[in-house]
Every structure is written in structure tokens, then in C-alpha cells.
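Data block below; observations after.
Just so it is clear, the values below take in all heavy atoms, side chains as well, and ignore hydrogens, waters and symmetry mates.
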Amino acid sequence: MNKRVVVDPITRIEGHLRIEAETAADGSITGAWSSGTMVRGIELILKGRDPREAWAFAQRICGVCTLVHGIASVRSVEDALGWTIPANANLIRNLMVAAQHVHDHVMHFYHLHALDWVDVVSALKADPKATSELAQSISSYPKSSPGYFADTQKRIKQFVDSGQLGIFAGGFWGHPAYKLPPEANLMAVAHYLEALAWQREVAKLHAIFGGKNPHPNFLVGGSPSPISAAPGSSGAAATTVNIVTLEQVRGIIRSMQAFVDQVYLPDTLAIASFYKDWFARGEGVGNFLTVGDFPSDGGGDRSKWLIPAGVVMGRDLTKIEPVDLKDPAQVQEFVAHSWYDYTGGKKQGLHPHAGETRLNYTGPKPPFEQLDVDGGYSWLKSPRWRGKPMEVGPLARLVMLYATGHEPTKALADHALKTLDLPLEAIFSTLGRTAARTIESKVLADQMMGWLDSLIANIKAGELSVQNTTLWDPKTWPREAKGVGFMEAPRGALAHYIVIKDGKIDNYQAVVPSTWNAGPRDAAGQPGPYEAALMDRHQLHDAKQPLEIQRTIHSFDPCIACAVHVVDPQGSELTRLQVR
């Protein structure tokens, strides 16, 4: 007799996610359902507002992705109005987005996903001297002495002896699916703590270019902070972006490269070597979509973008389908199993420019034992490309870059596969997603130095422009305009769709990575990537400790919309809640 396993909430993610899995007598998962249990609703808040200020609201969709919704939003307005940006502004955006990728991937690996593979309590059994030898055998990272690991072990023991594991609480410690030896566990926990300090330095890059982090400032038509070529000289006013602060950015990039090269990459390979069976499960739908990003100029020639746009169907890396996000025949969102209604009925799909956000919760009142999977069971919609489910994210980008012959990506992927003695097909898996993030971090951290050098060269040549204000006056706009702002966020393809009428937002729809990946079944009954991945060769050892479910769901790095913002038409605060 099949049994329903409920995991609610999925922890160590952004937002609120419920997973239900149906298991056979042997624990194998035969069915899975993904339920986003919170409303986003930002689309309703944006209607009627000035398009130039949309980014400040849309950026608050998420506090972890921090800047990506801001970038997609300003790009949507620029696309709708044909608004080009200066080359310097494009370089600055590339630097900010790439920093977000590397920061996000490192944080995900150590603080959200590593504990699916690392048994913290087991680290107490480790020999610090043997841990030091292990660390030095895989990396030149300087913090690898026996004393360093002994100090880390003492900190862990304090947590355990107090009965409160603090930041390590909630794990399934001692689960038989953990395979790392104690020394590898101690090394990983030490690097977990190191990453906490490292990420504070990386966040400074956003503050230099955008004034703050999280949620740095942006500007439709360019970059918000002017550039001063010679701060402190006669007649020159210093700004946050100048030759001095750009050298500070260079130091931040070097610290990113060092941590990725000496810690993140070696740790990924070391941990993965003990879990090679996880390169053979959790594939998902086998279809991959990228929208492209990191333009070399203002965005005109997409053939020069670092990440190309395209679709790979059924793992076939020999054929790449073109993507047109504005084509209603290509991109549609379905609500057949979502808590939304469409004017024309729940079975139809709508292109986001014609999208609707009509909330209609039809599920049982929480708490409830299980989802009504025959009806609506999620606050997420179900995006489809030509009617097919698509996986987006680091693995999709790895697939696209590998298929198009990007040499740095191919070299890193081939090296990882050779080191682990795995075939190329192993990337289509739970750990394939995890490895894709690491490879991408290396590629982007190295690429950032080139963008910085180009920016400094422009400044030295006297090119200081970061803003194009020629279209700032709404009187110059057409009466009606439609645009889509897209980018590759750390978690995957992100697109903001905007319809502008008479200078105001008439419709706004955000199709986010975790909607593509975490959405429920569509009108044809096709599962989304989360659901399909869990049904690919998963077997639970203990239904009360569903570590296997967490491993695969965390490999996507879920980011369910993190907050609902409610204001009255005048923008006044309605209420304030205090959590004690």
C-alpha cells in the first residue's frame, strides 16, 4: 500500500514550500507534488505606478536574490521604450550580477545545501591532525593547520554540549545516508563558518556600485552612481565609483576567486566523491531553458553574450532551439492546479503580457493532512515553453554553455567528470546541479576581472557616462508599450513583463526561476522539474527523516517568494507586526 509523506516546511530555503511524496512499500517515491504555500502578489501592487520606479518594488520580491528583480525590472522598461544604456552602465550591471551569482552559490552550497551531505555532529569524532592532512591534500588554502581545525571542533562541541545546535539545528544527524568520514565533516563545517565571514566582503561590491546591500539602487537608463575620474583633484567631486573604489572592487574579486579556487571547488569534488550514486538520480524533466545574460555591450548583439539563450530538449546537446520570450506561442503560464483563476478558464495558458493575477484559494484550511492534488494545490503558476516543462538554473546554463562550446565551462566540467570517473550524462542529476553551481562560480569570478579592466580602461580614456536620460520624460513615450526584461538569476531564467499605458503600468508579471522549477502540474498533467526529479530513482530510508527529498529539492536552491507587501493606494503603512 502506498504511503503519503509530507515535508512542510522544507527548511534551509527562501520562502515557504511544502513537498508531498507518495512512496511504495520499499520506500521508493512513485509520485510527488510541489506546493508553494504563500502568495507573491507584487503584480497587484505595481499596477498603476510609474514604470521608472517599478524596480524598487519588484526588487523586494526576494531578499536573498537581492538585486536580480531590480535588474529585470529596469530592463523591462528599457525594452518597452527602446531605451539604450551606456557601455559603462552595462559593465557595472555585469559586475553586480556576477557577484550576486558567486555570493549566492557559495552561500547555497555551505549554508543551505552542504548539511544534506555533511554530518555536523560526526565532526566531533575527527582527528584535527588528520583533517589538516586531508585539507592540505586537496587545496592550498592557508587555513588548514591542526590547530585551526581543533579550534573549530571546540566550537562545535560547545553547541552540542549546550543541547542547542544553534545554526546547525534541525539536521538529521546520524542518518545512515551520511557517508563522509569525520575528518571531511570537520573540514566542511570549518569552511561553513569561513563562508559566513567571506560573504560580508563580497557584499561590499554591491554597496560600491549601488549604495547598499541588500537591495542596491538601480536606474532605468543606466547606473545610479556617477563616476569621478580623479577624486580629490582640483574641481573633481568624489563619488562612490572612482579609481580608488574600483581598486577596492579588484580586491573583492580576488577574494572571490581565491575562495572559489581554494575552498569551494575542492570541497565540491571531495564531498561529491563520497556520493557518486547521487549523480544517477534526480534528473527531472530533461528539458533546459536559458534566456541569456551578461551582454558585452548595451545588449544589442546577443551572439556576444556570455550566456546564450536557447532550449535543449530531452538532453540532446546537438540541437538548440531559439527562444523568443515575447512570442505567445512559446511562453505561457498555466493555473490548472494553482490557486488562481483566469477569465477564460483554468485550463488555458496565458502569455505573461496578457497574464492575470486573480487569486482564488480553493484548498482546505491549514493545517491539513494532505494536498488536494486533483484540484489546486499551489500558489505558484506553471510556466511552459511550447507546452513543455523546462528546468532553469545553473544546470541549464552548464548544458547551454557546454553545448555551444564555451571552453572554460567545458574544461571545468570535463575535469570534474574525469576526477570523479563519471560520464557526461551524470550532469543530469541532483549532484549535477550542485556541481554546475561550482563550475559557474569559477567561470564568473574569472570573467569579472575582465569586465573591471574594461570599465577602468573606459574611465582612463575619458568615457565616464553611466546614464542615458534622453527618455526620462514620459511625454516622449508612446501611448502604449510592451517590454520584457530578462536575465539569468542565480536560480535561473528570470523575466519581468510590463505593459505601459499612458505613462503608467497597466500590467506586470514576473516569471521567476522557482516558478519554472517548483510549479505544479499543468493542464496536461505534466509535472514540473521538482516533482519529476523526486520521481527519478529516489528511495526513502526513513519517512520521518526524509533526507533524500531535501537533497534533491535543495539542489534546485528553492526561492519561493519571500514576502507579501500590503499598502493602501496612498502608500501608507497599514499595520506593523512584531515577532517575539
Give the intermediate values and the outcome of salt bridge (charged side-chain N to carboxylate O under 4.0 Å, His left out) for residues Asp506 and Arg49.
-> CA-CA 8 Å; Asp506 186 66; Arg49 294 187 178 274; over 6 Å; no

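- Heavy atoms only, all atoms of each residue included: Lys410 and Gly405 are closest at CD-CA, 3.7 Å.
- Stacking of Lys381 on the aromatic ring of Tyr340 is recorded, both the 6.0 Å distance cut-off and the 45° axial limit being met.
- More than 12 heavy atoms of other residues, nucleotides or ligands sit less than 6.0 Å from atom NZ of Lys326.
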Walk me through it: do Leu112 and Ile13 pass the test side chain to side chain contact (heavy atoms under 4.5 Å, CB included)?
-> CA-CA 7 Å; Leu112 303 180; Ile13 68 168; over 6 Å; no

Determine, step by step, whether Leu359 and Trp379 satisfy the side chain to side chain contact (heavy atoms under 4.5 Å, CB included) criterion, reporting the C-alpha distance in whole Å, the side-chain angles of both residues, the deciding distance to 0.1 Å, and the verdict.
-> CA-CA 9 Å; Leu359 284 63; Trp379 280 117; 3.8 Å; yes

Apply side chain to side chain contact (heavy atoms under 4.5 Å, CB included) to the pair Arg250 and Ile456, showing each step before the final yes or no.
-> CA-CA 11 Å; Arg250 188 180 301 279; Ile456 292 175; 3.3 Å; yes

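- In the displayed structure, Lys212 atom NZ is contacted under 6.0 Å by more than 12 heavy atoms of other residues, nucleotides or ligands.
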Please test Glu283 against Arg315 for salt bridge (charged side-chain N to carboxylate O under 4.0 Å, His left out), starting from the C-alpha separation and ending with a verdict.
-> CA-CA 10 Å; Glu283 175 181 353; Arg315 289 187 176 190; 2.8 Å; yes

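- The distance from atom CD of Glu488 to atom CZ of Arg397, rounded to the nearest 0.5 Å, is 5.0 Å.
- Of the possible donor and acceptor atoms, none in the side chain of His496 sits under 3.5 Å from a partner among the backbone N and O of Phe486.
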Check the pair Arg386, Glu321 against side chain to side chain contact (heavy atoms under 4.5 Å, CB included), reporting the backbone distance first and the verdict last.
-> CA-CA 11 Å; Arg386 296 197 184 278; Glu321 302 279 355; 5.8 Å; no

Between Ser223 and Gln467, is a side chain to side chain donor-acceptor pair (under 3.5 Å) present by the stated rule, with each step listed?
-> CA-CA 6 Å; Ser223 180; Gln467 300 171 1; over 6 Å; no

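- Atom OG of Ser76 sits about 9.0 Å away from atom CG of Leu81, to the nearest 0.5 Å.
- Distance alone, capped at 3.5 Å, places no donor-acceptor pair between the Glu53 side chain and the Trp55 backbone.
- The aromatic rings of Phe294 and Trp451 sit parallel to each other, their planes meeting at less than 30°, with 60° as the upper class boundary.
- A donor-acceptor pair shorter than 3.5 Å cannot be found between the side chains of Gln257 and Asp261.
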List the steps, then state whether salt bridge (charged side-chain N to carboxylate O under 4.0 Å, His left out) holds for Lys204 with Glu201.
-> CA-CA 5 Å; Lys204 291 179 181 178; Glu201 291 301 309; 3.0 Å; yes

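- Although no hydrogens or angles enter the test, the distance criterion places a donor-acceptor pair under 3.5 Å between the side chain of Asn287 and the main chain of Gly314.
- In terms of modelled atom types and a separation under 3.5 Å, the side chain of Thr290 and the main chain of Ala396 share no donor-acceptor contact.
- Side-chain atoms of Arg40 and Thr515, non-hydrogen and from C-beta on, do get closer than 4.5 Å to each other.
- Ring orientation note: the planes of His351 and His353 are tilted relative to one another, at an angle of 30° to 60°.
- Across Pro226 and Pro224, no two heavy atoms sit closer than the pair CD-O, 3.5 Å.
- With contacts defined as side-chain heavy-atom distances shorter than 4.5 Å, the pair Lys442/Leu265 qualifies.
- When all heavy atoms of Leu417 and Leu424 are compared, the pair lying nearest together is CD1-CA, 3.8 Å.
- Contacts of Ala54 classified as side-chain contact (heavy atoms from CB on, under 4.5 Å), with partners at least two apart in sequence or in another chain: Leu46, Ser73, Ile505, Tyr508.
- A salt bridge (charged side-chain N to carboxylate O under 4.0 Å, His left out) with Asp557 is found for one member of Arg12, Arg491, Arg433 and no other, namely Arg491.
- No side-chain heavy atom of Val335 sits under 4.5 Å from any side-chain heavy atom of Asp522.
- Contact between Asn90 and Ser296 at its shortest, heavy atoms only, is ND2-C, 3.9 Å.
- Checking side-chain atoms of Arg60 against main-chain N and O of Thr66 turns up no donor-acceptor pair under 3.5 Å.
- Of the possible polar contacts, one joining the Arg52 side chain to the Trp472 backbone as a donor-acceptor pair under 3.5 Å is found.
- Ring-plane geometry between His113 and His554 is classed as perpendicular, the angle between the planes exceeding 60 degrees on a 0 to 90 degree scale with a lower cut at 30.
- Here Phe259 and Tyr264 keep their ring centres 6.0 angstrom or further from each other.
- Note that the CD atom of Gln509 and the CD1 atom of Ile42 stand 12.0 Å from one another [nearest 0.5 Å].
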Side chains of residues 497-504: which donor-acceptor partners sit under 3.5 Å, not counting sequence neighbours?
| unit_1 | atom_1 | unit_2 | atom_2 | d |
| --- | --- | --- | --- | --- |
| Tyr497 | OH | Leu325 | O | 2.9 |
| Asp502 | OD1 | Arg479 | NE | 3.3 |

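- Residues Leu380 and Trp339 are not in side-chain contact: their nearest non-hydrogen atoms beyond the backbone lie 4.5 Å or more apart.
- Ser34 approaches Ala518 most closely through the heavy-atom pair OG-O, 2.8 Å.
- The CE atom of Met448 sits 4.0 Å away from atom CD1 of Ile253, with the distance rounded to the nearest 0.5 Å.
- Asn507 approaches Gly355 most closely through the heavy-atom pair ND2-O, 3.0 Å.
- You'll find the side chain of Asn458 reaches within 4.5 Å of the side chain of Leu91, heavy atoms only.
- In this structure the side chain of Ile85 never reaches within 4.5 angstrom of the side chain of Asn468, judged on heavy atoms.
- To the nearest 0.5 angstrom, Leu455 atom CG is 6.5 Å from Leu452 atom CG.
- A donor-acceptor pair is defined here as one N or O able to donate and one able to accept, closer than 3.5 Å; no such pair exists between the side chain of Arg437 and the backbone of Pro394.
- Put simply, the side chain of Pro558 reaches to within 4.5 Å of the side chain of Ile553, judged on heavy atoms.
- For the pair Asp79 (side chain) and Val484 (backbone), a donor-acceptor distance under 3.5 Å is present.
- Note that the CZ atom of Arg93 and the CZ atom of Phe209 stand 13.0 Å from one another [nearest 0.5 Å].
- Not one N or O on the side chain of Asp473 forms a donor-acceptor pair closer than 3.5 Å with the backbone of Thr476.
- When side chains are defined from C-beta on, His69 counts as touching Ile61, because their heavy atoms get closer than 4.5 Å.
- Here the side chain of Glu78 pairs no donor or acceptor atom with the backbone of Val220 at under 3.5 angstrom.
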